[in-house]
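This report refers to the structure that appears directly beneath it.
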Amino acid sequence: GVRSGDEVAKCHGVICDPSYVADKVKKVGTVIRAICILNHPIPNTKNSLSAQIIIPQNQVHRKQDIYVCCISYNHRVSAESFFIAIVASVAETDNPREELKPGLDLLGPIEEIFFSESDLFEPTDDGQQSNVFISSSYDATTHFETTCQDVLKIYEKAMGSAFDFSSVKKALDAVDAGDE
(Lines give C-alpha, C1' and ligand atoms only; values in the text may rest on other atoms or scores of the structure.)
Protein backbone atom coordinates (compact mmCIF):
# COMPACT_ATOMS: atom_id res chain seq x y z
CA GLY A 1 0.00 0.00 0.00
CA VAL A 2 0.83 3.69 -0.06
CA ARG A 3 1.33 5.40 3.27
CA SER A 4 0.52 9.06 3.94
CA GLY A 5 1.01 9.85 7.60
CA ASP A 6 -0.97 7.24 9.54
CA GLU A 7 -3.21 6.38 6.56
CA VAL A 8 -2.54 3.51 4.16
CA ALA A 9 -4.23 3.22 0.77
CA LYS A 10 -4.41 -0.23 -0.83
CA CYS A 11 -5.58 -1.42 -4.23
CA HIS A 12 -5.41 -4.43 -6.54
CA GLY A 13 -3.23 -2.69 -9.13
CA VAL A 14 -1.57 0.57 -10.06
CA ILE A 15 -1.35 2.21 -13.48
CA CYS A 16 1.26 4.95 -13.65
CA ASP A 17 3.88 6.71 -15.70
CA PRO A 18 7.63 6.04 -15.25
CA SER A 19 8.19 8.96 -12.88
CA TYR A 20 6.46 7.04 -10.07
CA VAL A 21 8.56 3.86 -10.26
CA ALA A 22 12.20 4.62 -11.05
CA ASP A 23 13.21 1.12 -9.97
CA LYS A 24 10.95 -0.51 -12.61
CA VAL A 25 12.01 1.44 -15.73
CA LYS A 26 15.06 1.91 -17.93
CA LYS A 27 16.21 4.93 -19.91
CA VAL A 28 16.06 4.28 -23.66
CA GLY A 29 16.81 7.74 -25.07
CA THR A 30 16.15 11.45 -24.89
CA VAL A 31 13.49 13.47 -26.69
CA ILE A 32 14.39 16.97 -27.80
CA ARG A 33 11.52 19.40 -28.39
CA ALA A 34 11.35 22.97 -29.63
CA ILE A 35 8.15 24.81 -28.84
CA CYS A 36 7.87 27.81 -31.13
CA ILE A 37 5.57 30.81 -31.24
CA LEU A 38 4.86 32.01 -34.77
CA ASN A 39 2.82 34.95 -36.05
CA HIS A 40 2.05 33.18 -39.33
CA PRO A 41 1.08 29.72 -40.57
CA ILE A 42 3.86 27.39 -41.67
CA PRO A 43 4.90 28.45 -45.18
CA ASN A 44 3.78 26.23 -48.08
CA THR A 45 0.79 24.82 -46.17
CA LYS A 46 -1.82 26.95 -47.99
CA ASN A 47 -2.16 29.15 -44.89
CA SER A 48 -3.45 26.19 -42.90
CA LEU A 49 -4.40 26.90 -39.29
CA SER A 50 -2.98 23.50 -38.33
CA ALA A 51 -0.44 21.12 -39.81
CA GLN A 52 1.24 17.80 -39.11
CA ILE A 53 4.53 17.16 -40.91
CA ILE A 54 6.76 14.13 -40.54
CA ILE A 55 10.25 14.43 -41.98
CA PRO A 56 11.38 10.88 -42.77
CA GLN A 57 14.66 9.86 -41.17
CA ASN A 58 16.30 8.87 -44.45
CA GLN A 59 15.67 12.33 -45.95
CA VAL A 60 17.72 13.96 -43.21
CA HIS A 61 20.31 11.19 -42.71
CA ARG A 62 19.08 10.21 -39.26
CA LYS A 63 17.88 7.09 -37.44
CA GLN A 64 14.73 8.87 -36.19
CA ASP A 65 12.03 10.92 -37.92
CA ILE A 66 11.52 14.60 -37.09
CA TYR A 67 7.96 15.56 -36.17
CA VAL A 68 6.44 18.99 -36.74
CA CYS A 69 3.01 19.94 -35.42
CA CYS A 70 1.40 23.35 -35.67
CA ILE A 71 -1.84 24.53 -34.11
CA SER A 72 -3.28 28.01 -33.84
CA TYR A 73 -5.57 30.50 -32.22
CA ASN A 74 -8.37 28.64 -34.01
CA HIS A 75 -7.72 25.76 -31.55
CA ARG A 76 -7.73 28.13 -28.56
CA VAL A 77 -4.07 27.50 -27.76
CA SER A 78 -2.71 30.97 -28.50
CA ALA A 79 -3.75 34.57 -28.88
CA GLU A 80 -5.48 35.47 -32.14
CA SER A 81 -3.13 35.53 -35.14
CA PHE A 82 -0.52 33.39 -33.37
CA PHE A 83 0.51 29.78 -33.92
CA ILE A 84 2.23 27.21 -31.72
CA ALA A 85 4.60 24.84 -33.51
CA ILE A 86 6.34 21.88 -31.90
CA VAL A 87 9.36 20.26 -33.54
CA ALA A 88 10.56 17.05 -31.90
CA SER A 89 12.77 14.01 -32.38
CA VAL A 90 14.86 11.54 -30.45
CA ALA A 91 18.33 12.93 -29.79
CA GLU A 92 21.12 11.14 -31.64
CA THR A 93 24.11 13.42 -30.96
CA ASP A 94 25.60 15.62 -28.25
CA ASN A 95 24.03 18.64 -30.00
CA PRO A 96 20.31 17.77 -30.07
CA ARG A 97 19.08 21.30 -30.77
CA GLU A 98 20.94 21.28 -34.07
CA GLU A 99 19.22 17.99 -34.95
CA LEU A 100 15.88 19.82 -35.09
CA LYS A 101 17.13 22.31 -37.71
CA PRO A 102 15.41 20.63 -40.70
CA GLY A 103 12.06 20.94 -38.92
CA LEU A 104 12.73 24.44 -37.62
CA ASP A 105 13.72 25.58 -41.12
CA LEU A 106 10.21 24.72 -42.34
CA LEU A 107 8.59 27.15 -39.92
CA GLY A 108 9.75 30.45 -41.37
CA PRO A 109 10.41 33.32 -38.94
CA ILE A 110 10.04 32.31 -35.28
CA GLU A 111 8.91 34.88 -32.70
CA GLU A 112 10.02 32.87 -29.66
CA ILE A 113 11.51 29.41 -29.18
CA PHE A 114 11.76 27.20 -26.10
CA PHE A 115 13.79 23.97 -26.02
CA SER A 116 13.30 21.03 -23.71
CA GLU A 117 14.96 17.65 -23.34
CA SER A 118 13.14 14.75 -21.70
CA ASP A 119 14.45 11.31 -20.90
CA LEU A 120 12.57 8.42 -22.49
CA PHE A 121 11.78 5.52 -20.17
CA GLU A 122 10.28 2.09 -20.77
CA PRO A 123 9.06 -0.33 -18.12
CA THR A 124 11.25 -3.31 -17.22
CA ASP A 125 8.32 -5.00 -15.46
CA ASP A 126 5.27 -6.11 -17.47
CA GLY A 127 3.07 -5.76 -14.39
CA GLN A 128 1.76 -9.33 -14.46
CA GLN A 129 3.34 -10.28 -11.12
CA SER A 130 3.57 -6.90 -9.41
CA ASN A 131 0.23 -5.47 -10.63
CA VAL A 132 2.08 -2.23 -11.36
CA PHE A 133 1.37 -1.32 -14.98
CA ILE A 134 3.72 1.36 -16.28
CA SER A 135 3.41 3.41 -19.43
CA SER A 136 6.35 4.42 -21.55
CA SER A 137 7.37 8.08 -21.58
CA TYR A 138 5.89 10.39 -24.20
CA ASP A 139 7.99 9.94 -27.30
CA ALA A 140 8.79 12.47 -30.01
CA THR A 141 5.70 11.78 -32.11
CA THR A 142 3.21 14.63 -32.24
CA HIS A 143 0.19 12.59 -33.33
CA PHE A 144 -0.11 10.44 -30.14
CA GLU A 145 -0.35 7.15 -32.07
CA THR A 146 2.30 5.42 -29.95
CA THR A 147 0.75 6.80 -26.75
CA CYS A 148 -2.66 5.40 -27.72
CA GLN A 149 -1.10 2.03 -28.53
CA ASP A 150 0.67 2.06 -25.16
CA VAL A 151 -2.60 2.79 -23.31
CA LEU A 152 -4.34 -0.08 -25.10
CA LYS A 153 -1.48 -2.47 -24.22
CA ILE A 154 -1.62 -1.41 -20.57
CA TYR A 155 -5.40 -1.87 -20.53
CA GLU A 156 -5.05 -5.41 -21.91
CA LYS A 157 -2.36 -6.33 -19.36
CA ALA A 158 -4.28 -4.86 -16.44
CA MET A 159 -7.74 -6.13 -17.43
CA GLY A 160 -6.77 -9.43 -19.03
CA SER A 161 -8.45 -8.72 -22.37
CA ALA A 162 -8.27 -6.16 -25.16
CA PHE A 163 -10.43 -3.05 -24.95
CA ASP A 164 -13.76 -3.56 -26.72
CA PHE A 165 -14.39 -0.45 -28.80
CA SER A 166 -17.77 -1.82 -29.91
CA SER A 167 -19.11 -1.35 -26.36
CA VAL A 168 -18.26 2.35 -26.57
CA LYS A 169 -20.02 2.60 -29.93
CA LYS A 170 -23.10 0.91 -28.50
CA ALA A 171 -23.13 3.32 -25.56
CA LEU A 172 -22.73 6.32 -27.87
CA ASP A 173 -25.48 5.02 -30.15
CA ALA A 174 -27.75 4.68 -27.12
CA VAL A 175 -27.01 8.27 -26.08
CA ASP A 176 -27.66 9.49 -29.65
CA ALA A 177 -30.96 7.56 -29.74
CA GLY A 178 -32.00 9.33 -26.54
CA ASP A 179 -31.38 12.74 -28.16
CA GLU A 180 -33.98 12.14 -30.88
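In this chain, numbering begins with 1 at the start of the sequence shown.
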- Show the numbers, then the answer: is there a side-chain hydrogen bond (donor to acceptor under 3.5 Å, both in side chains) between Asp17 and Ser19? CA-CA 6 Å; Asp17 78 24; Ser19 67; 2.5 Å; yes
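- Gln149 CD to Lys153 NZ: the interatomic distance, rounded to the nearest 0.5 Å, is 6.5 Å.
- Side-chain contact between Lys24 and Pro123 is absent, with no heavy atoms from C-beta onward closer than 4.5 Å.
- The shortest distance between side-chain heavy atoms of Ile154 and Leu152 does not fall below 4.5 Å.
- A heavy-atom distance below 4.5 Å is found between the side chains of Val21 and Cys16.
- A donor-acceptor pair is defined here as one N or O able to donate and one able to accept, closer than 3.5 Å; such a pair exists between the side chain of Glu92 and the backbone of Lys63.
- The NZ atom of Lys27 sits 13.0 Å away from the CD atom of Glu122 when rounded to the nearest 0.5 Å.
- The environment of Tyr138 atom OH is sparse: at most 12 non-hydrogen atoms of other residues, nucleotides or ligands sit within 6.0 angstrom.
- Residues Val31 and Phe114 do not share a hydrophobic cluster, clusters being chains of Ile/Leu/Val/Met/Phe/Trp/Tyr side chains in contact below 4.5 Å.
- Between the side chain of Asp150 and the main chain of Ser136, a donor-acceptor pair closer than 3.5 Å is present.
- Here the closest heavy-atom approach between residue Gln52 and residue Ile54 is recorded as NE2-CG1, 4.1 Å.
- Note on Ile86 and Phe82: same hydrophobic cluster, where clusters join Ile, Leu, Val, Met, Phe, Trp and Tyr whose side-chain heavy atoms are under 4.5 Å apart, directly or indirectly.
- Val151 and Phe133 end up in different hydrophobic clusters when Ile, Leu, Val, Met, Phe, Trp and Tyr side chains are linked at under 4.5 Å.
- Under a cut-off of 6.0 angstrom, the local environment of CG in Asp94 is sparse, with at most 12 non-hydrogen atoms contributed by other residues, nucleotides or ligands.
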- Message: Using side-chain hydrogen bond (donor to acceptor under 3.5 Å, both in side chains), reason through Thr93 and Asn95 one step at a time and then give a plain yes or no.
- Response: CA-CA 5 Å; Thr93 69; Asn95 190 4; 5.9 Å; no
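- The shortest distance between side-chain heavy atoms of Pro43 and His40 falls below 4.5 Å.
- Ala88 approaches Ala140 most closely through the heavy-atom pair CB-O, 3.5 Å.
- Between the side chain of Arg62 and the main chain of Val90, a donor-acceptor pair closer than 3.5 Å is present.
- The line from CD of Glu112 to CG of Asn39 is 12.0 Å long, rounded to the nearest 0.5 Å.
- Clustering of Ile, Leu, Val, Met, Phe, Trp and Tyr by side-chain heavy atoms under 4.5 Å joins Ile32 with Leu38, Ile42, Leu49, Ile53, Ile55, Val60, Ile66, Val68, Tyr73, Phe83, Val87, Leu100, Leu104, Leu106, Leu107, Ile110, Ile113, Phe115.
- Inter-residue side-chain proximity for Val8 and Lys10 is flagged as met; some heavy-atom pair is nearer than 4.5 Å.
- Taking CD1 from Ile134 and CG from Asp126, the interatomic distance works out to 9.5 Å, rounded to the nearest 0.5 Å.
- Asp139 and Thr146 share a side-chain donor-acceptor pair at under 3.5 Å.
- The OG atom of Ser89 lies 7.0 Å from the CG atom of Asp65; values are rounded to the nearest 0.5 Å.
- Remark: the backbone N or O of Ile71 is not paired with any side-chain donor or acceptor of Ser50 at under 3.5 angstrom.
- Tyr20 OH to Ser135 OG: the interatomic distance, rounded to the nearest 0.5 Å, is 10.5 Å.
- Residues Ser161 and Glu156 form no side-chain contact, since every pair of their non-hydrogen atoms from C-beta on lies 4.5 Å or further apart.
- Proximity of Pro41 to Ser48: side-chain heavy atoms (C-beta onward) are nowhere separated by under 4.5 Å.
- No side-chain heavy atom of Ile84 sits under 4.5 Å from any side-chain heavy atom of Ser72.
- With no hydrogens or angles considered, a side-chain donor-acceptor pair links Ser166 and Asp164 at under 3.5 Å.
- Panel note: side chain Thr141, backbone His143; no donor-acceptor pair is recorded below 3.5 Å.
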